[in-house]
**Student:** 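Please see the structure below; I have some questions.
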Amino acid sequence: MDVKRLLLLVPLALLAYLLVVQWNQDYGQVTTLPDAPAISGDEQREPADTNGGDLAVPSTSSSQDQGAEAMPDAPATDNTRDLVAVVTDVLDVRIDPQGGDIVYAALPDHRLTLDSDRPYVLLSDSQTRSYVARSGLQLEGHEGRIAFSAEQNEYRMTQDDDRLEVDLTAEVNGVDITKRLTFERGDYAVDVEYFLTNNTEEALTTRFIGQLARDESPDPTSGPAMGMSSYLGAAYSSPEDRYQKIDFDAIKSGDFPNRDAEGGWVAIIQHYFVSAWAPPQDQQNLYYATTDSQNRNVAAFAGATQNLAADGQARLGATLYMGPKVQDYLEQVAPNLKLTVDFGWLWFIANPLFWLLDQIHDLLGNWGWSIVVLTIVVKLALWPLSAKAYKSMGRMRKLGPEMQRLKEQYGDDRQKMSQEMMKFYQKEKINPLGGCLPILVQMPVFIALYWMLLESVELRHAPFIFWIQDLSVKDPYFILPILMGASMFVQQQLNPTPPDPMQAKIMKMLPIVFTFFFLWFPAGLVIYWVVNNCISIAQQYVITRKIERDPSIGKGLKTK
């Protein structure tokens, strides 16, 4: 492949990638998130049908599952069951006493939109979307969901409280059961525990089951306004598979086999936010995925079966996380849960970039300026390589007339022309591929940064300066994309003119095409590109002027 085609291929390859990302997304209408359901529950869905089985564990050959009892849903009676409200500094949830499931979870620190006072709703069970965190007991001799009762219908964490415990109680066939949900100040993780007291003279078996059930409604934080999409689906982790995605199609087709693992977690992931069950890491758990009676996608785990002796007691539990994909938070919940912040196949570049961005933000306190400084640091790291490439491009620019002369002289003999061009390159110390290096090196950094900014909830609703009040969405006035296109055009003027007229026309169109697609890119990413281009222009200008003034370059060339 000749040099001019390779020079054209590199930016076109980047453009093709951007096209794929731009169009490979869910263009469904962004749903309006529901208000918090009334404590009376009058906006809630009906419970699942009487044949339920939604909390039943799939059959398996594992010894811990033999003889396990199914847990069908309770019969649907009405849709006015009372809900228990729990409000902390970072969570606003509703608990359905029928089973003790969390059927609504809002995040007061994260607004629905930049201009809205409404909190972002992660979990809800309404006509708009059904996405709930279910947990239950598989208790020998009992079928159906457990009907709990609470001492009060609303719990609030006061300014003097660092911890809030909500107890739901029930009695089932002589077994006293307390389901305790423990909330901590500033924490999106909730400890869900069962305390059982067997008042009978017969030993029983029991196990904890945790489920995340979601329909296929669109992700409220993705859509055409964003111009991009993030992964929406399930994932699980084990010591053998640190992070494995399970998309909803795989769940519906039954392609995810049941798996036993020590520790681990199961989650449903969406743009910026995640819900996850993390059972005790020192116990054996069964992970599975299925659909329930409402045709929702279910990602679940079942803990180890425990014996409840006659007149004995038992304690079972797991941790439920419902919140933003902040790596520091996730790391405290379970090993590898921070991998749900999915930076894609270039994670080995994106992770160090995010770490560096986070460190810079700790010093500056502004994510926009942090991106500017990060761009400068990355540019300085690549400075020697860029300088070498710009020197080669500067030589090609200065010696362009001679290259054109050789093309005209040997235009009819391609083999001879190639030989003479190679001799010319060697004599003048030109690397014909040198001009590609800046873009080749920049492409993986750019793509890694793209996914890093896409996945980083820290940039959601984060302001920069002036009109840029949200780095995670497009520039509302398209000023940054226009500046990016202008800087790209200026940079092209410093490059050697392609000898092929058609190629030259295509290259001139690239700033316009890139500007068009950057119109929908997040402002944070465009800031990186504008700053990077400006630094590159300054560097290339100085190097090019120096080469043009060097009389030793091109000395003694033949003239036409």
Side-chain angles (χ1 to χ4, degrees), residues 21-35 37 43-49 51-56 58 73 76 94 96 101-107 112 120-135 210-236 243-258 265-277 287-301 320-325 340 342 454-455 457:
V21 173
Q22 181 74 18
W23 292 103
N24 184 24
Q25 58 179 306
D26 180 6
Y27 278 94
Q29 183 179 0
V30 179
T31 58
T32 301
L33 297 183
D35 292 317
E43 294 188 15
Q44 290 298 107
R45 285 176 179 257
E46 292 278 347
D49 60 54
N51 295 324
D54 292 341
L55 290 190
D73 283 323
R94 300 293 182 271
D96 184 356
D101 302 327
I102 294 182
V103 295
Y104 175 90
L107 313 177
L112 174 59
Y120 179 81
V121 178
L122 179 60
L123 305 182
S124 66
D125 193 18
S126 66
Q127 298 302 320
T128 304
R129 185 176 74 237
S130 183
Y131 180 14
V132 299
R134 312 179 74 195
S135 56
Q211 292 186 344
L212 299 167
R214 192 190 194 283
D215 60 18
E216 297 191 26
S217 57
D219 184 345
T221 53
S222 291
M226 295 294 296
M228 64 193 72
S229 64
S230 186
Y231 175 71
L232 172 61
Y236 101 104
Y243 177 59
Q244 180 179 346
K245 295 179 181 178
I246 318 162
D247 61 44
F248 290 157
D249 289 339
I251 292 178
K252 281 189 163 47
S253 60
D255 290 340
F256 181 74
N258 304 333
W265 48 261
V266 64
I268 287 184
I269 306 170
Q270 64 187 59
H271 197 198
Y272 294 137
F273 302 98
V274 61
S275 62
W277 279 111
Y287 291 95
Y288 61 98
T290 184
T291 56
D292 64 11
S293 57
Q294 297 181 26
N295 201 34
R296 294 179 297 194
N297 302 284
V298 176
F301 85 94
L320 173 64
Y321 182 87
M322 305 170 290
K325 292 192 289 187
T340 57
D342 192 348
L454 170 66
E455 279 291 291
V457 68

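Computed from a predicted structure; not experimentally measured. Index from 1, following the sequence.
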**Student:** Can we say Lys245 and Asp342 salt-bridge, meaning some charged N sits less than 4.0 Å from an Asp/Glu carboxylate O?
**Tutor:** yes

**Student:** Mind running side-chain hydrogen bond (donor to acceptor under 3.5 Å, both in side chains) on Glu455 and Ser230 for me, showing each step along the way?
**Tutor:** CA-CA 7 Å; Glu455 279 291 291; Ser230 186; 2.4 Å; yes

**Student:** Determine, step by step, whether Ile251 and Ile246 satisfy the side-chain contact (heavy atoms from CB on, under 4.5 Å) criterion, reporting the C-alpha distance in whole Å, the side-chain angles of both residues, the deciding distance to 0.1 Å, and the verdict.
**Tutor:** CA-CA 7 Å; Ile251 292 178; Ile246 318 162; 3.7 Å; yes

**Student:** Just by modelled atom types, is the Trp265 backbone N or O under 3.5 Å from a matching donor or acceptor in the Tyr287 side chain?
**Tutor:** yes

**Student:** Less than 4.0 Å between a side-chain N and a carboxylate O, is that true for Glu216 and Lys252?
**Tutor:** yes

**Student:** When you measure from the side chain of Asp215 to the backbone of Ser130, do you find a donor-acceptor pair of N or O atoms at a distance under 3.5 Å?
**Tutor:** yes

**Student:** For the CG atom of Asn297 and the CZ atom of Arg214, what is their distance to the nearest 0.5 Å?
**Tutor:** 9.0 Å

**Student:** Nearest 0.5 Å please: distance from the CG atom of Asp219 over to the CZ atom of Arg129.
**Tutor:** 8.0 Å

**Student:** At their closest point, which heavy atom of Ala299 faces which heavy atom of Val266, and how far apart are they?
**Tutor:** CB-CG2, 3.5 Å

**Student:** Less than 4.5 Å apart, side chain to side chain, heavy atoms only: is that true for Val274 and Ile268?
**Tutor:** no

**Student:** Return the minimal non-hydrogen interatomic distance between Ile269 and Ala235, and the atom names on each side.
**Tutor:** CD1-CB, 3.5 Å

**Student:** Given side chains that start at C-beta, do those of Ser135 and Trp277 come closer than 4.5 Å, heavy atoms only?
**Tutor:** yes

**Student:** Write down the atom of Leu107, the atom of Gly323, and the distance for their closest heavy-atom approach.
**Tutor:** CD1-CA, 4.1 Å

**Student:** Under the side-chain contact (heavy atoms from CB on, under 4.5 Å) rule, what do Asp101 and Gln211 come out as? Steps first, then yes or no, please.
**Tutor:** CA-CA 10 Å; Asp101 302 327; Gln211 292 186 344; over 6 Å; no

**Student:** Just verifying a value: how many Å separate Arg134 CZ and Asp96 CG, rounded to the nearest 0.5 Å?
**Tutor:** 9.5 Å

**Student:** Could you tell me whether the side chain of His271 and the main chain of Leu454 form a donor-acceptor pair under 3.5 Å?
**Tutor:** yes

**Student:** Show the numbers, then the answer: is there a side-chain hydrogen bond (donor to acceptor under 3.5 Å, both in side chains) between Tyr131 and Ser275?
**Tutor:** CA-CA 10 Å; Tyr131 180 14; Ser275 62; 2.5 Å; yes

**Student:** Using the rule ring-ring contact (aromatic ring centres under 6.0 Å, His included), only one of Tyr288, Tyr243, Phe256 pairs with Tyr236; which is it?
**Tutor:** Phe256

**Student:** For the residue pair Ala267 and Leu212, what are the closest heavy atoms and their distance?
**Tutor:** CA-CD1, 3.7 Å

**Student:** Kindly determine whether Val132 and Asp125 satisfy side-chain contact (heavy atoms from CB on, under 4.5 Å), including the steps that lead there.
**Tutor:** CA-CA 7 Å; Val132 299; Asp125 193 18; 3.7 Å; yes

**Student:** Would you say the side chain of Val121 lies within less than 4.5 Å of the side chain of Tyr104, judging by non-hydrogen atoms?
**Tutor:** yes

**Student:** Report yes if the side chains of Leu122 and Gln270 come closer than 4.5 Å at any heavy-atom pair, otherwise no.
**Tutor:** yes

**Student:** Answer yes or no: is there a side-chain heavy-atom contact under 4.5 Å between Phe248 and Leu232?
**Tutor:** yes

**Student:** Kindly indicate whether the side chain of Met322, heavy atoms from C-beta on, has any atom under 4.5 Å from the side chain of Leu123.
**Tutor:** yes

**Student:** Treating Ser126 as the side-chain partner and Thr128 as the backbone partner, does any N or O pair qualify as donor plus acceptor under 3.5 Å?
**Tutor:** yes

